[in-house]
Protein chains: 2
Amino acid sequence: MPSTGARSETEPRAHTGRRRNEATRHAVLTAAVRLLRDADHGPLTLPVIAAAAGVGKQTVYRWWSTPGEVLLEALAEQASAQVPTPDTGSLDGDLRVFLQSSLRGAADPATAPVLRGLVREAARDEQAAGLMRTFTATRRAALRRLLLRHADRFAPDVDVDLLVDQAYGLLWYRLLIGHAPLDDDTARRLAEGLVAAAVGGVAPPG
Amino acid sequence: MPSTGARSETEPRAHTGRRRNEATRHAVLTAAVRLLRDADHGPLTLPVIAAAAGVGKQTVYRWWSTPGEVLLEALAEQASAQVPTPDTGSLDGDLRVFLQSSLRGAADPATAPVLRGLVREAARDEQAAGLMRTFTATRRAALRRLLLRHADRFAPDVDVDLLVDQAYGLLWYRLLIGHAPLDDDTARRLAEGLVAAAVGGVAPPG
DNA sequence: CCTTTATCGAGACTCATTGTCTCGACAAGA
DNA sequence: TCTTGTCGAGACAATGAGTCTCGATAAAGG
C-alpha cells in the first residue's frame, strides 16, 4: 500500500506510467483518412487501420472502439468545418461566392474521395452516419444564415430550407453519381436559379 | 454413349434434367429486397440471402455470383422503372405532378428503405453502383424530357440538367439525411422554384 | 419403366478477417 | 530502482464467405 493513504475517490490519480505516443495517434488518424480516400479497400475496420498506420492492433483497440470513432476524431482534427461567409453586399454575389467555394471544395480531388468514403461508412456504421449528419447540418446552417441576411428581398412565403437543400442536394447528388461536373459555371448558374426562385419569379425593381 | 451419334457442336443439346424451380428463384429475389429494406442487417451477402429465402447456398451461388446481380434482377423484376409523364398542358402543372409523384414514391415507407439500402450497397459493391447509376439516369432522362417539352418558355441559356439535378438532388439528399420531409407541399414549392429559375427570373407576360 | 441429366437442400470444409489475449520491451514518473 | 501504463508483435478463438460433396428429386428420352 502506498504511503499516501488518504486519496479522493472521485479523482483516483493524476497519471502514472508511460505516456501516450502522440506520433502513433497521429499516424492512426492520417491512415484512417488515407484509407477513406483510397476507396479501393473494403470496409474500414480497426485491424486495417492499424496495419496501414504501422501500429499494433492492441494500440488502436485501446483508444478507439469503432472505425467511426477514429473518423470522428480525424475529421474533427482536420478542422474542415470552416465554412466561408462571404459578404459582397449583394445576394447574388454572396451566393455565387459561397457556392463556388463549396462546389470547388467538394470537387477537389483531395477531398472528394474522402466525402464519398464518408458516405460509404455512414451507410454501414451508425456512428459515422451521425458524424455525417452533424457535418451536413453545419453546412446547411451556414448557407441558411447567408440567405437570411437578404430575406428582405425574398417573396413572402419563400421556403429557405428548400433553397438550401436544392444547393447541397445538387452538390452531393453530382458528387456521388458523378454524371455531371461541379465547376464554377455550375455554381454561377445555380446561384442565379436560386435567386430567381427566392425573389419569386419577378424581376426586382432596381 | 447415346445412340444419336451425330449432333451439332455449336448447339450441344436443348435441355435435359430437372428444370429450374421458379418458386425458389422468386423466393431469393424477394428475400434480397426484404433484406435491403429491413436495413438492420449487415452487408448483403449471398449466404445471408440464401438463409433468408430458406434456400441452400449452392442454389444461390449457382445462379448469381454477387449480391449486386441478385438486386439487379430483383429490381428489374419489380418493374419499378415506370416513371410518370404527366401532360397537364402547363409547365407548372406537369412539373408539380411529376415531382409530387416522385417525392411521394421516394418517401413511401415501403420503398424509402429499399432506396436507402440501394445506396448502401452501391457504396460497397461496384455492380450495385452501376445499377444505381442506370436507375437514376432513367429518372433524370424522364424529367429532362418533361422540361424540354416546354423549352419555348425558357430563358435563352437555361441549363436543363442543372434543374433536373436540383430536383433529384433534393430528393436523395433529404431521403438520405432525413432532416426534412418529402411531402406534397415540398414538391409544389420546388416546382414553383424550378419554373422561376427556368423562365429566368422574369414574370411571364400572359 | 428405366436411364440420364440437372436441380434442390444440407452440411462439411477451407480460407480470410475480426477482435481478444498475452508477451517482452520501453518510457516516465515516484 | 520500482511501479505503472503504453508500445509492437503475434497467438488465439470466433465469425462468416465461398467451394465442394452428398443424397434426394424432378424432367426428359428410350
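The shown structure was predicted, so the numbers you read here are calculated from the model rather than taken from an experiment. Convention: sequence-line order gives letters A, B, ...; per-chain numbering from 1.
- Between B:I49 atom CD1 and D:dA17 atom P there is a gap of 10 Å when expressed in whole angstrom units.
- Applying the side chain to side chain donor-acceptor pair (under 3.5 Å) definition to pairs two or more places apart or across chains, those involving residues 64-74 of chain A are A:R25-A:E73, A:W64-A:E73, A:S65-A:E69, A:T66-A:Q127.
- For B:D159, there are no salt bridge (charged side-chain N to carboxylate O under 4.0 Å, His left out) partners at least two apart in sequence or on another chain.
- Applying the side chain to side chain contact (heavy atoms under 4.5 Å, CB included) test to B:T24 and every residue at least two apart in sequence or in another chain returns B:N21, B:V55, B:T59.
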Between the protein and nucleotides 25-29 of chain D, are there any N/O to N/O pairs under 3.5 Å, and if so, what are the atom names and distances?
{"unit_1": "D:dT25", "atom_1": "O2", "unit_2": "B:R18", "atom_2": "NH1", "d": "3.1"}
{"unit_1": "D:dA26", "atom_1": "O4'", "unit_2": "B:R18", "atom_2": "NE", "d": "3.4"}
{"unit_1": "D:dA28", "atom_1": "OP1", "unit_2": "B:R19", "atom_2": "NH1", "d": "3.1"}
{"unit_1": "D:dA28", "atom_1": "OP1", "unit_2": "B:R19", "atom_2": "NH2", "d": "2.7"}

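- Separating the CD atom of B:E69 from the P atom of D:dG18 is a distance of 12 Å, rounded to the nearest angstrom.
- For the pair A:E22 CD and C:dA27 C1', the interatomic distance rounds to 16 Å; values are reported in whole Å.
- The salt bridge (charged side-chain N to carboxylate O under 4.0 Å, His left out) check on B:R174 picks up A:D165, with sequence neighbours excluded.
- A search for side chain to side chain contact (heavy atoms under 4.5 Å, CB included) contacts involving A:T30 returns A:H26, not counting sequence neighbours.
- Atom NE2 of B:H26 is separated from atom P of C:dT7 by 21 Å (rounded to the nearest Å).
- Here B:R188 pairs with B:D185, B:E192 under the side chain to side chain donor-acceptor pair (under 3.5 Å) rule; sequence neighbours left out.
- In this structure, the CZ atom of B:R25 is 11 Å from the P atom of C:dC8, given to the nearest Å.
- Residues from residues 54-63 of chain B placing a heavy atom under 4.0 Å of any atom in DNA chain C, listed by number, are B:V55, B:G56, B:K57, B:Q58, B:T59, B:R62, B:W63.
- A straight line from CG of B:D125 to C1' of D:dG18 spans 15 Å, rounded to a whole angstrom.
- Residues that satisfy the salt bridge (charged side-chain N to carboxylate O under 4.0 Å, His left out) test with A:R145, not counting sequence neighbours, are absent from this structure.
- Following rounding to the nearest Å, B:L44 (CG) and D:dA17 (P) show an atom-to-atom distance of 10 Å.
- Separating the CG atom in A:L118 from the CG atom in A:L44 is a distance of 11.0 Å, to the nearest 0.5 Å.
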